[in-house]
Peer 1: 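Okay, here's the structure, questions in a sec.
Convention: sequence-line order gives letters A, B, ...; per-chain numbering from 1.
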Number of protein chains: 2
Amino acid sequence: MATAPWKQLLLNALESNGHLKHSSFFQLATIGTNGRPSNRTVVFRGFQDNTDKIQINTDGRSRKIEELKHCSFGEICWYFTDSWEQFRINGEIDIIDGSNPSPLKLQFLMQQREKSWFSSSLRSRLQYLGFNPGFPSLSEETQPEISLDPSTGPVDAFYLLVLDPDQVDYLNLKSNQRLIFKSSVSATAEKRWTVERVNP
Amino acid sequence: MATAPWKQLLLNALESNGHLKHSSFFQLATIGTNGRPSNRTVVFRGFQDNTDKIQINTDGRSRKIEELKHCSFGEICWYFTDSWEQFRINGEIDIIDGSNPSPLKLQFLMQQREKSWFSSSLRSRLQYLGFNPGFPSLSEETQPEISLDPSTGPVDAFYLLVLDPDQVDYLNLKSNQRLIFKSSVSATAEKRWTVERVNP
């Protein structure tokens, strides 16, 4: 598979901003179940193997899961604060929970989910055992002490999201350059990218 | 008018992150004309007078204007990288161009737009005189030298967006606190806010 032409730009940005912890954070927009836009910060969890698909871990009980079941498209806005570069990455999002129904993809997806789980810190993993996110928290209610065996596999609430980019809008505010990458799928089901330079 | 209870939290975040230039940048999600989410970084241009309405300057030729004419709702995701606070601010967005049709609000809105224009740097103002953003840029085409008299009022392409928040989801990753503020409009047309503490 050919590497997407924008991927190297993104890898460069990740490297040149790597000294900043927040360089792996970006904003993911989805469509709310009420039809309004919805937007939150999430953490980049790498590309899926050697593809250009972007991985995000999330709690299956969070609102975005319900939203993505209604409309599976999302747009990432990733601004790099040191290099002044912005990537707007639009694509469809696959939800990978513990019971993915597609038997053909099943084993591969389960492995991806497990890999993401074990790549997370123990502290991150513990969050998925906590109270239901977004639910009212009662001040009397204190989270019971939770322990988790580091060798335990992904818990039910741990979901992996995989965004498959089909358009990337790149803006460099230092060079004032803007590039739009668009993909199309060829007759042989291969993804092809074109790039156009546009006014910033 | 009573101050919205989340506004002080936001003012505090702006102050404690004020040493970072990018602390005034946030991501604004809208709904694309194709029904997919759309997300980009924009700059906070202050509150409208003493209200809790959030101002954003934009180019009237940018895609978000067309999007907002189809669906006027937006969600801001504003992550403060030093204090680890996130504000998700959802609300309806008013578009204020040079020819706003509402005669009652006209004068006030024109003043707001003019005020925003003159608060921008000369360099920012010059952008509105440049080539059409998002249009193909021809390498042979060089931007003609543009000059702008600092006393000249807003040009046609200069639009002011005003987001009127009706829900704010606040998350503090240091204290692990999450608060959801919701507004309702009373019989006397006064906006009232309730707050609920929820699980992060």
Peer 1: For A:G130 and A:R61, which heavy atoms make the closest approach, and how far apart are they?
Peer 2: O-NH1, 3.0 Å

Peer 1: Do you know which of B:S62, B:G134, B:G35 has the most heavy-atom pairs with chain A at a distance under 4.5 angstrom?
Peer 2: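 Counting heavy-atom pairs under 4.5 Å, the top option is B:G134.
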
Peer 1: Which answer fits A:W78, side chain, backbone, both or neither, if we ask what part of it has an atom under 4.5 Å from a heavy atom of chain B?
Peer 2: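 No part of it gets close to chain B.
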
Peer 1: With side chains defined as the heavy atoms from C-beta onward, is the minimum distance between B:L122 and B:P150 less than 4.5 Å?
Peer 2: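 In contact.
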
Peer 1: Can you find a pair of side-chain heavy atoms, one from A:Q8 and one from A:T3, that are under 4.5 Å apart?
Peer 2: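 Answer no - side chains too far apart.
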
Peer 1: Can you say whether A:P200 sits under 4.5 Å from chain B via the side chain, the backbone, both, or neither, judging by heavy atoms?
Peer 2: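 Backbone only.
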
Peer 1: Under a 4.5 Å cutoff for heavy-atom pairs, which residue among B:D59, B:I76, B:T41 has the most contacts with chain A?
Peer 2: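 Ranked by contacts with chain A, first place is B:T41.
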
Peer 1: Looking at chain B, which one of A:I180, A:N90, A:L171, A:D169 has the largest number of heavy-atom pairs inside 4.5 Å, strictly under?
Peer 2: A:N90

Peer 1: So, B:S38 and B:E67: side-chain donor and acceptor under 3.5 Å apart, yes or no?
Peer 2: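 Side-chain D/A pair, B:S38 to B:E67: present.
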
Peer 1: Where does A:L20 contact chain B at under 4.5 Å (heavy atoms): side chain, backbone, both or neither?
Peer 2: neither

Peer 1: Check whether A:F26 gets within reach of chain B through its side chain, its backbone, both or neither, counting any heavy atom under 4.5 Å.
Peer 2: neither

Peer 1: What part of A:R178 is in contact with chain B, defined as an atom under 4.5 angstrom from a non-hydrogen atom: side chain, backbone, both or neither?
Peer 2: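 When you check distances to chain B, only side chain atoms of A:R178 fall under 4.5 Å.
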
Peer 1: Decide yes or no for A:E85 and A:L10: does some side-chain heavy atom of the first lie under 4.5 Å from some side-chain heavy atom of the second?
Peer 2: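 Side chain of A:E85 against side chain of A:L10, heavy atoms only: no contact under 4.5 Å found.
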
Peer 1: Does any non-hydrogen side-chain atom of B:V155 lie less than 4.5 Å from one of B:L129?
Peer 2: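 In contact.
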
Peer 1: Closer than 3.5 angstrom, by distance alone: can the side chain of B:R40 be matched with the main-chain N or O of B:L28 as a donor-acceptor pair?
Peer 2: yes

Peer 1: Side chain from CB out, backbone as N, CA, C, O: work out which of these in A:Q27 comes under 4.5 Å of a heavy atom of chain B, or both, or neither.
Peer 2: both

Peer 1: Quick one: which of A:Q86, A:K21, A:R88, A:H22 has the most heavy-atom pairs under 4.5 Å with chain B, could you say?
Peer 2: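 Top count of heavy-atom pairs under 4.5 Å with chain B: A:R88.
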
Peer 1: Taking A:S72, A:G74, A:C71, A:G32 one by one, which has the highest count of heavy-atom pairs under 4.5 Å against chain B?
Peer 2: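 Among A:S72, A:G74, A:C71, A:G32, the one with the most close pairs to chain B is A:G74.
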
Peer 1: Only one of A:I96, A:V162, A:L161, A:N57 forms a side chain to side chain contact (heavy atoms under 4.5 Å, CB included) with A:S116, so which one is it?
Peer 2: A:N57

